[in-house]
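Counting starts at 1 for both ligands and their atoms, in listed order.
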Amino acid sequence: MKFFIDTANLAQIKEAKDLGILDGVTTNPSLMAKEGIKGQEAIYNHYKTICELVDGDISAEVISTDFAGIVEEGKKLAAIHPNIVVKVPMIKDGVKAIKWFTDNGIRTNCTLIFSAGQAILAAKAGAAYVSPFIGRIDDSGWEGTELIAQLAHIFTVQGYETEILAASIRNANHIIKCAELGADVVTSPLESILALLKHPLTDLGLAKFLEDAKKTA
Ligand code: E4P
């Protein structure tokens, strides 16, 4: 399973990269706004900086919602760097645009996936990734990881090449469950990635080893 970081924060991207486990980055308009990045030029420059920082797929989201606008915007985003993956929302014109991008050699990540039906449509249109939002499904009272299991089964049975990119990760257990259920990629905030490191018995065990090491110095 590949690890992407779900942020536009350069310090956090660097920290995950320095850990040596980072395969890519996902962003969205909310994450860009959180960093205070304003205006198309600044946003495109920020994507370029991220692409220069991380050698992997970088998802950049369109904000248009009509076919012509999505295609126009997606072409501009794809031109920023060869590693840009155009992130397109799961709407009717989005599916049409994903097919257009597929036919024209531009890779896409279909975002805002909340059902197997939506994921099947995106895969049929040739999306490189589908992004099921498991945390938001949990927030609405359902079990987000059940969708990952369902998609892993369907994509295997159908032989889809589209990768399942588990998104809207809220904690370390989400990452572990996604690995167990067969997600191809998980995109996560830095906090949840770092939480994978933690176990109280590791801390206790290390303290004891270091204490005993003093006896052998
Ligand atoms: C990733 O592609 C999504 O934009 C992101 O994971 C959404 O996460 P959230 O539900 O925490 O906003």
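A donor-acceptor contact under 3.5 angstrom links the side chains of N9 and E35, judged on distance only. Judged purely by distance below 3.5 Å, without hydrogens or angles, the side chains of T26 and T187 pair a donor atom with an acceptor atom.
Counting only distance, with no hydrogens or angles, the side chain of T102 and the backbone of A125 share a donor-acceptor pair below 3.5 Å.
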Which protein N or O atoms sit under 3.5 Å from any N or O of ligand 1? Give each pair with its distance.
{"unit_1": "ligand 1", "atom_1": "2 (O)", "unit_2": "K87", "atom_2": "NZ", "d": "2.6"}
{"unit_1": "ligand 1", "atom_1": "4 (O)", "unit_2": "N28", "atom_2": "ND2", "d": "2.6"}
{"unit_1": "ligand 1", "atom_1": "4 (O)", "unit_2": "K87", "atom_2": "NZ", "d": "3.1"}
{"unit_1": "ligand 1", "atom_1": "6 (O)", "unit_2": "D6", "atom_2": "OD2", "d": "2.5"}
{"unit_1": "ligand 1", "atom_1": "6 (O)", "unit_2": "S168", "atom_2": "N", "d": "2.7"}
{"unit_1": "ligand 1", "atom_1": "10 (O)", "unit_2": "R136", "atom_2": "NE", "d": "2.7"}
{"unit_1": "ligand 1", "atom_1": "10 (O)", "unit_2": "S168", "atom_2": "OG", "d": "2.7"}
{"unit_1": "ligand 1", "atom_1": "10 (O)", "unit_2": "R170", "atom_2": "NH1", "d": "3.4"}
{"unit_1": "ligand 1", "atom_1": "10 (O)", "unit_2": "R170", "atom_2": "NH2", "d": "3.4"}
{"unit_1": "ligand 1", "atom_1": "11 (O)", "unit_2": "R170", "atom_2": "NH1", "d": "2.7"}
{"unit_1": "ligand 1", "atom_1": "12 (O)", "unit_2": "R136", "atom_2": "NH2", "d": "2.8"}

*Decide salt bridge (charged side-chain N to carboxylate O under 4.0 Å, His left out) for D18 and K14; before the verdict, give the C-alpha distance in whole Å, the side-chain angles of both, and the deciding distance to 0.1 Å.*
CA-CA 6 Å; D18 286 349; K14 278 183 197 139; over 6 Å; no

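Around CD1 of I63, the count of heavy atoms belonging to other residues, nucleotides or ligands within 6.0 Å does not exceed 12.
Among pairs with a residue in residues 118-146, those fulfilling salt bridge (Lys or Arg N to Asp or Glu O under 4.0 Å) read D139-R170, at least two apart in sequence or across chains.
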